[in-house]
Amino acid sequence: MNISADFSKITQQTKTVWKQFCKAFPVIVFFLVLFAFTIAAFGIQYTIIPSLITVNFQNRRNKRQSVRSLLRVIVFQFILQILAYVATLNFPLCLLLNLAVPFWLIFTSASQFNQLGYFAGLMTFTFLQMMPVDFAGFIVQIQAMGCGLLFFFLATLWYTRHYTEESRLNYRNEQHGMELLGTALEKKIAGENIKELNQELFKIQQSLYQRVYSRKDIKHANDEGRMSYLFALMFQRAVYFISTPYEKLLAENSDVRQYALELAAYLKMAGNMTTWIGNADKLVPEGERLLGIDGQEGMRFYQTSHNFLRMFLLIVNQLNSPVEDDDGSSLAGEWKTPLFQRIRTYLYYCVRPDAFELRFALRMSAVLLIGMSYNMLFQADHGYWLVMNAFLLLRPMYEDSNYRMKTRFIGTAVGCIALIFILPFCEGTVEHLLLAAAMVACMYTATPGTCVHAFFVTVFALSMTTLANPETMALELRMFYVGSAVLLVLVVNRFFFPTSLGTQFRYNFQMIFHMQHMYLRLLENALFYQLDYWRIFDAQIQYHMVHEQLRTYLNKMPSDDLERDREVYDTILTISWRMVAEIEQMLVLVNRRRRGIQARITMTEYIYYSEYVLNQIQSMLHLKKERKTKDIQGMRYHRCIEKEPELSALMLRYGKNLSLIYKLVCESKEGIQ
């Protein structure tokens, strides 16, 4: 039985490795072709360039790419190459650029939601400094980079258009979500549990927001990034609708029950279609018929179902005949955040001591300054290995860096020992290159950051180093510099603006409340001015990315770390999510038309009271309170507006949810840690 179990385990592992190899095969071929070409055309001293270009291919091959986006990457790589050359000219320039460039790349390309966005660019800038060249060598280096980037451009464009799923515009995931929604509604009518379906719908919504975040800079109304945002917004409303308790109403009211059955059938029909493009004549008439059904009994049920159904019809119309809409939830106008607002956001959110970007940029600059200073001042044999390993070991989160420090050291040690036995069999250039090629295949197949990956990287690097110098001194130097890099990164991570998953969680938890305040201020502005849609767009994406990061941390929270508070955090996040869904619908209603003076006064006082309660909750949770809040003395608190049933219902639900959080925090006598 044990033999059978072991064999089954080995078979499974073999299948996993083969699957990883097949996935990495295009990257392996890309690197080997470019590597061989670079050696043949420019010489072995420029073989660092294929590694830098391959990182860009690896990052972009599975995403839709346009000619413009690829040309932007190429120009960016040339700029970084020039900056790297300038940094090697003298020591002051080295210090200045290794301080400034990490800040530039981390602030513009990375964030707490895309933590490695800086990696490809900063790797180019860092690695090209490690082995300085004179001006003549720089001209050859430019030529090698140009040829490599031309190959990158052609290969990436061809690959993404032939083998990338994203290159074929489809909405299968969204259609599957509609089918799930119809099934969930049917189960709800039958009184069955829909918790698992609800969770699956929530995951679809979050994945759509994550996709939109990666395309935030896209402008055009018919672009996939915008459509993904509308789908995410629709699923947010759908999850809100399906998770609201209507069981009693559905059981007692035959009209509402019949409407719910018709709606469920419509959603499943839409989900089972081959495509929504070209099928507006089948979807729109029935959707508009359902949208026209209303009733006083079960008004809340009709309102919430209409909210997501209205969004679905807008999406179908946009897919089939993109037009500008004027109801306040349109695709009209520019969604891209204005430059002044982006600068303001950087100053407010990034340039502060507790911000992810600032803390990591300071740590990265410190490591590069120390590593490059050593490399330039001492000119030690293979001294560049110090900064190379330190750069690869330093990660945004302490836990990830700590893990990589262990695996890198162990993998390097095992790789050096293995090479002692392998080198005697590699007497010529061909043997060294074959060994390097084999290690490349294994290196891109292995999971980055593991001991196995570090082993293959070590053998590959040393096989190339010993090609020029067969002495085993390189093995000892490799171990010395890896150990030194581990020590350097350990000290910087521990004592210089450290960032751990726990501290990031606390920061994100603070942000959840700050963003509730931000939504309320947007609502106040919408009472008096037409709200630019990019404001809602940015707020929605930011909130859901923070929310997802908090959920991820809670799911991975160690059993002995804040376990007693997990349920409290989870409940607060669930209620907060519902509040955001409610206030987003309020924003659309308020932005659609201007109210009278009395309605605006009532709404403004409601907003000020809500902010006051939020501040009280933050105080009890030992979180930083908002500075810009109004004095509510003398104001009256109303949760409804005359002749505004839909807006009043949303105000009432938002207020009740806020009260639930307040009560929950008050009942946690010891407070959550």
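Distance alone, capped at 3.5 Å, is enough to place a donor-acceptor pair between the Ser243 side chain and the Val239 backbone. A donor-acceptor distance shorter than 3.5 angstrom exists from the side chain of Thr571 to the backbone of Glu567, with no hydrogens or angles considered.
Using a 4.5 Å cut-off on side-chain heavy atoms (C-beta onward), Gln112 and Met545 make no contact. The closest side-chain heavy-atom distance from Thr275 to Leu319 is not below 4.5 Å. Looking at heavy atoms from C-beta onward, Phe308 lies out of side-chain contact with Ile242 at the 4.5 angstrom threshold. The shortest side-chain heavy-atom distance between Arg257 and Asn253 does not fall under the 4.5 Å cut-off. Residues Phe356 and Asn508 fail the side-chain proximity criterion, which asks for heavy atoms closer than 4.5 Å. Taking 4.5 Å as the limit, every side-chain heavy atom of Asn114 sits out of range of all side-chain heavy atoms of Ser109.
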Given the rule in the side chain to side chain contact (heavy atoms under 4.5 Å, CB included) test, do Glu174 and Leu208 qualify, once you have shown the distances and angles that lead to the verdict?
CA-CA 9 Å; Glu174 291 84 343; Leu208 287 167; 3.3 Å; yes
Test side chain to side chain donor-acceptor pair (under 3.5 Å) on His638 and Glu605 and set out the steps.
CA-CA 8 Å; His638 296 284; Glu605 292 180 340; 5.8 Å; no
Side chain to side chain contact (heavy atoms under 4.5 Å, CB included), that's the test. Do Arg653 and Thr304 meet it? Break it down for me.
CA-CA 12 Å; Arg653 279 176 255 162; Thr304 51; 3.5 Å; yes
Begin from the C-alpha positions of Asp400 and Gln115 and carry the test side chain to side chain donor-acceptor pair (under 3.5 Å) through to its verdict.
CA-CA 12 Å; Asp400 190 16; Gln115 295 184 0; over 6 Å; no
Leu520 and Leu614: side chain to side chain contact (heavy atoms under 4.5 Å, CB included), yes or no, with the steps?
CA-CA 11 Å; Leu520 288 168; Leu614 280 168; 3.7 Å; yes
Verdict with reasoning, Leu587 to Asn591, per side chain to side chain contact (heavy atoms under 4.5 Å, CB included)
CA-CA 6 Å; Leu587 279 167; Asn591 205 39; 5.7 Å; no
From CA spacing to verdict: ring-ring contact (aromatic ring centres under 6.0 Å, His included), Phe241, Phe301:
CA-CA 8 Å; Phe241 163 65; Phe301 177 86; 5.3 Å; yes
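In this structure, Glu548 CD and Gln210 CD are separated by 5.0 Å, a value rounded to the nearest 0.5 Å. Gln504 contributes atom CD, which lies 9.5 Å from atom CZ of Arg359 (distance to the nearest 0.5 angstrom). Atom CE of Met586 and atom CE of Met603 lie 5.5 Å apart (nearest 0.5 Å). Atoms CG and CD, from Leu233 and Gln585 in turn, are 8.5 Å apart once rounded to the nearest 0.5 Å. Between Cys666 atom SG and Gln616 atom CD the span is 9.5 Å, to the nearest 0.5 Å. Distance check, rounded to the nearest 0.5 Å: CG of Leu291 to CG of Leu309 gives 5.0 Å.
Across all their heavy atoms, Ser576 and Gln516 have their closest contact at OG-NE2, 3.0 Å. Residues Lys625 and Gln618 come closest through the heavy atom pair CA-NE2, 3.9 Å. Pairing each heavy atom of Met178 with each of Leu267, the nearest pair is CE-CD2, 3.3 Å. For Ser500 against Glu399, the heavy-atom pair with the smallest separation is CB-OE2, 3.4 Å. In plain terms, the two heavy atoms of Gln205 and Ala232 that are nearest each other are CG-O, 3.7 Å. The two residues Ser305 and Tyr302 make their nearest non-hydrogen contact at OG-O, 2.9 Å.
Applying the side-chain hydrogen bond (donor to acceptor under 3.5 Å, both in side chains) criterion to Glu644, with sequence neighbours excluded, gives Arg593, Arg595. Partners of Thr244 under the side-chain contact (heavy atoms from CB on, under 4.5 Å) rule, at least two apart in sequence or in another chain, are Tyr240, Tyr246, Arg300, Arg578. With sequence neighbours left out, Glu262 forms a salt bridge (charged side-chain N to carboxylate O under 4.0 Å, His left out) with Arg289. Partners of Tyr637 under the side-chain contact (heavy atoms from CB on, under 4.5 Å) rule, at least two apart in sequence or in another chain, are Tyr606, Tyr609, Arg639. Arg551 is linked by a salt bridge (charged side-chain N to carboxylate O under 4.0 Å, His left out) to Asp570, counting only residues two or more places apart in sequence or in another chain. Applying the salt bridge (charged side-chain N to carboxylate O under 4.0 Å, His left out) rule to Glu646 yields no partners; only residues at least two apart in sequence or on another chain are considered. Evaluation of the ring-ring contact (aromatic ring centres under 6.0 Å, His included) rule for Tyr608 yields no partner, not counting sequence neighbours. For Phe113, the ring-ring contact (aromatic ring centres under 6.0 Å, His included) criterion is met by Tyr213, not counting sequence neighbours. Scanning for ring-ring contact (aromatic ring centres under 6.0 Å, His included) contacts around Tyr654 gives an empty result, with sequence neighbours left out. With sequence neighbours left out, Gln540 forms a side-chain hydrogen bond (donor to acceptor under 3.5 Å, both in side chains) with Tyr209, Gln236, Tyr519. For Lys187, the salt bridge (charged side-chain N to carboxylate O under 4.0 Å, His left out) partners two or more places apart in sequence, or in a different chain, are Glu192.
Residue Glu247 places its CD atom among more than 12 non-hydrogen atoms of other residues, nucleotides or ligands, all under 6.0 Å distant.
Aromatic ring pairs are classed by plane angle as parallel below 30°, tilted from 30° to 60° and perpendicular above 60°; the pair Phe513 and Phe509 is perpendicular.
Under the ring-ring contact (aromatic ring centres under 6.0 Å, His included) rule, Phe312 has a single partner from Phe231, Trp276, Tyr171, which is Trp276.
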Let me check something: any side-chain donor-acceptor pairs from residues 194-204 under 3.5 Å, sequence neighbours excluded? List them with distances.
residue : atom : partner : partner atom : Å
Glu200  : OE2  : His176  : NE2          : 3.4

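Ion pairing between a basic and an acidic side chain is recognised when a charged N comes within 4.0 Å of a carboxylate O; Arg521 and Glu626 show such pairing.
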